[in-house]
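A short worksheet on the structure shown next.
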Amino acid sequence: MRKKRILYIQHVDWKWIKQRPHFLAENLSLYNKLVLCYVIQLDRKSLMKSNKGANFSKVPILPLSLKGGKFIFVLLKLFNSIIINLLITINKPDIIWITHPKLFKIIKKKHLNKFIIYDCMDDILEFDNNYKDYLQTIEKQTVLQSDLVFCSSISLMNKIIERYKADRSKIHLLRNGINSIKYLGSNSKNNGNNKINLCYFGTIENWFDYEKLDKILSSFPNVHLHLIGPYKSKRSFKSQNFTYYGPLSHDKLMQIVSDFDCFIMPFKLNRLIESVDPVKLYEYLLTGKPVVSVYYDEIKRFENYIYFYNSYQELYSIIYELVNENLKPKKDMEEVTEFLKKNTWKERTKRAVSIIEESIILRRREKAND
């Protein structure tokens with residue numbers, strides 16, 4: 001079977017900390033001829049120096065922001081439209097893969113006869129209330145006109161189907177995953193003192209539960225919190241036992257995880273978070289350390305591997321056990337590895353490729369019968 005030509009258009013800068021679009025693009029390129037088009041991040045301080053492992057062409061476009069006013073938005077849209085439609089004309093892709101509805105809107109109508117895939121990785125309506133109506137309008141058009149829609153969680157998939165009365169047959173679950181299964185840590189403390197190193201890595205945004213962590217640091221003087229990842233602003237805690245690192249390359253991050261005793265996902269629950277399948281939970285498990293997270297239904301399948309909390313008191317009890325050296329990983333690495341083998345980006349991509357092939361065949365049959 002000949003390799004498909006894919007124009008992969010992502011709304012995340014290629015040098016941003018690696019997320020779903022990066023991993024899927026890399027893995028799809030193993031099966032297909034892929035050209036990547038990505039929206040650049042103007043604030044370069046939050047970016048990595050490089051993201052390794054990509055052997056395909058990468059073309060930047062400008063961010064489509066409504067905050068600069070309608071005139072600027074129209075100019076940016078026109079510029080990006082020229083670039084993307086030129087790439088379509090030159091590369092003649094079989095498939096156009098997009099990760100945000102704003103990217104769908106800059107594809108010319110004459111190119112919408114291509115096989116269009118919308119990868120819905122988040123509930124975008126929960127990000128920006130100022131432009132919610134606009135985002136809902138363009139996402140509806142994207143969902144209804146795409147040939148396939150992949151969703152990263154069951155919650156998100158159900159929202160998309162219900163919100164836009166979409167054809168269920170073209171909406172598919174494609175969860176997040178982990179890039180490689182390589183043991184990263186050790187179960188024993190290596191700091192030589194009674195300090196407990198609690199770590200979070202990932203984007204730090206308004207869904208981050210500073211309040212609960214502030215109480216934890218105040219209650220346990222020997223707990224030191226390490227925050228790794230991009231953030232818009234540093235928020236201080238009453239305690240001085242915290243360190244901001246900023247973003248680190250994926251390779252660098254994986255080198256230092258053995259310095260930490262426990263990993264935490266302290267999110268505030270809202271409609272956005274309830275639809276998230278967090279990549280970091282897969283990565284946390286590779287450390288061989290205890291993993292703690294706020295509970296919500298979408299991550300119930302992790303219950304045999306991580307410690308959940310629903311309230312501050314439950315979180316306090318978990319950290320109390322950690323401080324007293326009674327908190328151990330819930331499963332040994334052999335069991336964790338078997339779980340993670342089923343949740344790699346390689347496996348996710350195999351599933352995506354299989355669904356795409358079946359859908360293309362079905363589309364051809366439908367055209368033949370028209």
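Because the structure is predicted, anything quoted here is derived from the model rather than measured.
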>> Ignoring hydrogens, what is the shortest heavy-atom contact between S152 and S275? Give both atom names and the distance.
In response: OG-O, 4.3 Å
>> Checking side-chain contact (heavy atoms from CB on, under 4.5 Å) between K268 and each of V294, D209, N206, which is the one that passes?
In response: D209
> Any side-chain heavy atom of Y312 within less than 4.5 Å of one from K215?
Replying inline: yes
> Sub-3.5 Å donor-acceptor pair from the side chain of T344 to the main-chain atoms of N179, do we have one?
Replying inline: no
> Taking side chain as C-beta onward, heavy atoms only, is Y284 less than 4.5 Å from F260?
Replying inline: no
>> Is the positively charged end of K58 above the ring of F56, judged by distance under 6.0 angstrom from the centroid and angle within 45° of the axis?
In response: yes
> Roughly how far apart are I88 CD1 and H111 NE2, rounded to 0.5 Å?
Replying inline: 4.5 Å
>> Evaluate I95 against I117 for side-chain contact (heavy atoms from CB on, under 4.5 Å), listing each step before the verdict.
In response: CA-CA 7 Å; I95 297 167; I117 297 174; 3.6 Å; yes
>> Between D297 and K300 (salt bridge meaning N to carboxylate O under 4.0 Å), is one present in this structure?
In response: no
> Between the main-chain N or O of L36 and the side-chain N or O of Q10, is there a donor-acceptor pair closer than 3.5 Å?
Replying inline: no
>> For Y320, I'd like to know if atom OH has over 12 heavy atoms of other residues, nucleotides or ligands within 6.0 Å.
In response: no
>> I want to check something: taking the side chain as every heavy atom from C-beta on, are L213 and F208 in contact at a cut-off of under 4.5 Å?
In response: yes
>> Are V35 and I61 connected into the same hydrophobic cluster when the rule is that any two of I, L, V, M, F, W, Y join if their side-chain heavy atoms are below 4.5 Å apart?
In response: yes
>> For a quick test of reading the model, state the closest non-hydrogen atom pair linking I154 to L173 and the distance between them.
In response: N-CD1, 3.6 Å
>> Check for me, please, whether V336 and L286 land in the same ILVMFWY cluster - side-chain distances under 4.5 Å, paths through other members count.
In response: yes
> Do N32 side-chain atoms and L34 backbone N/O form a donor-acceptor pair below 3.5 Å?
Replying inline: no
> Which atom names give the shortest non-hydrogen contact between D13 and Q41, and what distance separates them?
Replying inline: OD2-N, 2.6 Å
> Do Y245 and F201 have ring centroids that are under 6.0 Å from one another?
Replying inline: no
> Is a donor on one side and an acceptor on the other found under 3.5 Å between the side chain of N343 and the backbone of G177?
Replying inline: no
>> Please check if the number of heavy atoms outside K330 that lie under 6.0 Å from its NZ is greater than 12.
In response: yes
>> Please check: side-chain N/O of D214 versus main-chain N/O of K238, any donor-acceptor pairing under 3.5 Å?
In response: yes
> So, S359 versus K170: side-chain donor-acceptor pair below 3.5 Å or not?
Replying inline: no
>> Within the structure provided, determine whether I318 and L322 are in side-chain contact (heavy-atom separation under 4.5 Å).
In response: no
>> What verdict does the ring-ring contact (aromatic ring centres under 6.0 Å, His included) test give for F237 and Y210, after you've listed the backbone C-alpha separation in whole Å, the side-chain angles of each residue and the deciding distance to 0.1 Å?
In response: CA-CA 8 Å; F237 299 90; Y210 281 98; 5.6 Å; yes
> Using the benzene-type ring in the case of Trp, are the ring centres of Y316 and F220 under 6.0 Å apart?
Replying inline: yes
> Can a donor-acceptor pair be found between the side chains of N176 and R348 at a distance below 3.5 Å?
Replying inline: no
>> Tell me the closest heavy-atom pair linking V143 and V149, and the distance in Å.
In response: O-CG2, 4.1 Å
>> Under a 3.5 Å distance rule, please check whether N85 uses its side chain to pair with a backbone N or O of I106 as donor and acceptor.
In response: yes
> Would a 4.5 Å heavy-atom cut-off, applied to side chains only, mark F263 and L198 as touching?
Replying inline: no
> Does the side chain of F127 reach to within under 4.5 Å of the side chain of L272, using non-hydrogen atoms?
Replying inline: yes
>> Go through it in stages, so that I can follow the logic: the residues are L62 and V39, the test is side-chain contact (heavy atoms from CB on, under 4.5 Å), and I'd like the CA-CA distance, side-chain angles, deciding distance and then a yes or no.
In response: CA-CA 6 Å; L62 295 173; V39 176; over 6 Å; no
>> List the residues meeting side chain to side chain donor-acceptor pair (under 3.5 Å) with K341, not counting sequence neighbours, and say none if there are none.
In response: E338
> Going through the checks in order, is the side-chain contact (heavy atoms from CB on, under 4.5 Å) test met by L87 and K92?
Replying inline: CA-CA 8 Å; L87 286 173; K92 297 180 173 58; over 6 Å; no
> If you group Ile, Leu, Val, Met, Phe, Trp and Tyr whenever their side-chain heavy atoms sit less than 4.5 Å apart, what else falls in with L78?
Replying inline: I82
> Is any side-chain heavy atom of V292 closer than 4.5 Å to a side-chain heavy atom of C262?
Replying inline: yes
> Roughly how far apart are T203 OG1 and I228 CD1, rounded to 0.5 Å?
Replying inline: 12.5 Å
> Would Y131 and T137 count as a side-chain contact (heavy atoms from CB on, under 4.5 Å) if you check the C-alpha gap in whole Å, the side-chain angles of each, and the deciding distance to 0.1 Å?
Replying inline: CA-CA 10 Å; Y131 304 104; T137 298; over 6 Å; no
> Taking atom CD of E162 and atom NZ of K165, what is their separation to the nearest 0.5 Å?
Replying inline: 6.0 Å
> Does a side-chain heavy-atom distance below 4.5 Å link C120 with L156?
Replying inline: yes
> Under a single-linkage definition using a 4.5 Å side-chain heavy-atom cutoff for Ile, Leu, Val, Met, Phe, Trp and Tyr, are I178 and M121 assigned to the same hydrophobic cluster?
Replying inline: no
>> As an exercise, state the distance from CG of N241 to NE2 of H226, rounded to the nearest 0.5 Å.
In response: 9.0 Å
> Which heavy atom of R271 sits nearest a heavy atom of K159, and at what distance?
Replying inline: O-NZ, 3.0 Å
> Do you see a donor-acceptor pair shorter than 3.5 Å between the side chains of E139 and Y118?
Replying inline: yes
>> Can a donor-acceptor pair be found, under 3.5 Å and without considering hydrogens, that links the side chain of D167 to the backbone of S169?
In response: yes
> Do Y296 side-chain atoms and V276 backbone N/O form a donor-acceptor pair below 3.5 Å?
Replying inline: yes
> Between the side chains of H11 and T99, does any donor sit under 3.5 Å from an acceptor?
Replying inline: yes
> Does the N222 side chain pair with the main chain of N194, one donor and one acceptor, at a distance under 3.5 Å?
Replying inline: yes
>> Just checking F150 against W97, ring centres under 6.0 Å apart?
In response: yes
> So does K328 pair up with E321, basic N to acidic O under 4.0 Å?
Replying inline: no
>> If you count heavy atoms of other groups shown closer than 6.0 angstrom to CZ of R235, is the number above 12?
In response: yes
>> Working to the nearest 0.5 angstrom, can you tell me the gap between S57 OG and L7 CG?
In response: 11.0 Å
> Do F242 and H224 have their ring centres less than 6.0 Å from each other?
Replying inline: no
> With a cut-off of 6.0 Å (strictly less than), are more than 12 heavy atoms of other residues, nucleotides or ligands near NZ of K108?
Replying inline: no
> So which heavy atom on L269 is nearest to which on I273, and how close?
Replying inline: CD2-CG2, 4.0 Å
>> One thing to verify: whether D94 and K114 come together as a salt bridge, which I'm taking to mean a side-chain N less than 4.0 angstrom from a carboxylate O.
In response: no
> How would you list, by chain and number, every residue that makes a side chain to side chain donor-acceptor pair (under 3.5 Å) with Y307, sequence neighbours excluded?
Replying inline: none
> Quick one: do I72 and L103 end up in the same hydrophobic cluster if we chain Ile, Leu, Val, Met, Phe, Trp and Tyr together by side-chain heavy atoms under 4.5 Å apart?
Replying inline: yes
> Once you round to the nearest 0.5 Å, how far does CG of L327 lie from OG of S317?
Replying inline: 11.0 Å
> Can you tell me if Y8 and D119 form a side-chain donor-acceptor pair at under 3.5 Å?
Replying inline: no
> Side-chain heavy atoms under 4.5 angstrom apart, residues restricted to Ile, Leu, Val, Met, Phe, Trp, Tyr: same cluster for W14 and L30?
Replying inline: yes
